[in-house]
Protein chains: 2
Amino acid sequence: MADTPRQREILAAARALLAAEGEAALTVARIAQALSIKAPSLYKHFAGKRAIEVGLIAQGFAEQAEALERVGTDLVELGRVYRAFALREPALYRLMTDGPLPRAELPDGLEARTAAPLVAAVGGDPDRARAAWAFAHGMVTLELAGRFPPHADLDEAWRVGLSAFAPR
Amino acid sequence: MADTPRQREILAAARALLAAEGEAALTVARIAQALSIKAPSLYKHFAGKRAIEVGLIAQGFAEQAEALERVGTDLVELGRVYRAFALREPALYRLMTDGPLPRAELPDGLEARTAAPLVAAVGGDPDRARAAWAFAHGMVTLELAGRFPPHADLDEAWRVGLSAFAPR
DNA sequence: GTCTATATTGTGATAGAC
DNA sequence: GTCTATCACAATATAGAC
């Protein structure tokens, strides 16, 4: 997805734009502008906007997988890192999770690699891991969407949720 | 939000459009077209597109609250109904949950009414209820986004998750 | 309440020259 | 690899006549 140096530069510009101004700012024209070139020139490097997005998604998963692997199998710490990742670059997190996974265009094994620490942390049951993942994803998206009441104690909700999924 | 008959008709058309063709189809022009009028005419009834969306959001929450109240405090059944609601009108569910709640423009108490059955079902602890809600929301959004692997047993993940949040 | 007409801004994408 | 030029749309919104 990022074979050439120019492709890497384009992805870096797109990611910076996404982080700084959010999803709505991620347009072909704005990405080109950040690189001081014109929009049509981008099409020599990527097939279209979606290809750039897929590149960002792959990048995001690789970094997330790395961060989770560094944690190991401590469920509470996995939760902390998962939440921190999403809050650090909310727009990237949404891009990664809002639509169907472009599995065919992602590096082999990346999805499994990202999931592995959580599966281990809940005791090996994939269904339990999926439930715990849904909990974490729900907490993060509701927080990002500003859907919790202002007074809600999110740290406590995380604690309650993660301890509910601790291995038995 | 739907005081006049004409406003109610507009909301009904918008909702049908949303259900039939999804979020992207919900444009002022398409709503007007469905009513056989021109787009500018809508602005005599609603301040703008966002006001129409808020009307749909209020409608959705009222119906969801009703459905959950009918269930009572059976956590498994609440989960089933929550999921069914989201899957029946995915675009409406996303509209209801993707952004900040327009609390000021929603009927008083509607948010609390919607949450009440779940709070009771988990034993009264609001933090526990928020964690369980995050789990349900995460399950639903990941399913709608097509993010679970094709072979994943979602019924089992729901079962595991809900039993993890059952009152103790 | 509805209309016509218009303003303004934006989108992703392509052809073909250099 | 980059450019100019352009396409073909679509969006929300407003003014003013009827």
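Numbers restart at 1 for each chain; the letters A, B, ... are given by sequence-line order, proteins then strands. What you see is a predicted model, and the numbers here were worked out from it, not measured in a lab.
Rounded to a whole Å, the CZ atom of F46(B) is 16 Å from the C1' atom of dT12(D). One interatomic measurement links the two molecules: CZ of R8(B) to P of dG1(C), which rounds to 12 Å at whole-angstrom precision. The separation between K49(A) atom NZ and dG12(C) atom C1' is 8 Å, rounded to whole Å. Computed from coordinates, the Y43(A) OH to dG16(C) C1' distance equals 17 Å when rounded to whole Å. A straight line from NE2 of H45(B) to C1' of dT12(D) spans 17 Å, rounded to a whole angstrom. Atom CD of Q33(A) is separated from atom C1' of dC3(D) by 16 Å (rounded to the nearest Å). Rounded to whole angstrom, the span from the CZ atom of R30(B) across to the P atom of dA13(D) amounts to 18 Å. Atom-to-atom, CG of L35(B) to P of dC3(C) comes out at 10 Å; the value is rounded to the nearest Å.
Checking the phosphate oxygens (OP1, OP2) of dC3(C), a side-chain nitrogen or oxygen of S41(B) falls inside 4.0 Å. In terms of phosphate contacts, R6(B) brings a side-chain nitrogen or oxygen within less than 4.0 Å of OP1 or OP2 of dT2(C).
Within the 4.5 Å cutoff, no side-chain heavy atoms of V28(B) are placed close to those of F46(B). Between L92(B) and L56(B), some side-chain heavy-atom pair lies under the 4.5 Å cut-off.
As judged by a 4.0 angstrom heavy-atom cut-off over every strand, T27(B) is placed among residues touching the sugar-phosphate backbone only. Among the protein residues, K44(B) comes within range of the nucleic acid bases, having at least one heavy atom under 4.0 Å from a base atom.
Ring geometry for Y93(B) versus F85(B): interplanar angle over 60°, hence perpendicular rather than tilted (30 to 60°). Ring planes of F165(B) and F135(B): tilted class, angle from 30 to 60°.
Taking only side-chain atoms of V28(B), from C-beta outward, the nucleotide of dT2(C), dT12(D), dG12(C) with the closest atom is dT12(D). Closest approach to the K38(B) side chain among dT14(D), dA5(D), dT4(C) is made by dT4(C) (side chain taken as heavy atoms from C-beta onward). Considering only the side chain of P40(A), dT4(D) comes nearest among dT2(C), dT2(D), dT4(D). Considering only side-chain atoms of I37(A), the nucleotide from dA13(C), dT14(D), dT2(D) that sits closest is dT2(D).
The ring of Y82(B) has its center no closer than 6.0 angstrom to the ring center of W158(B).
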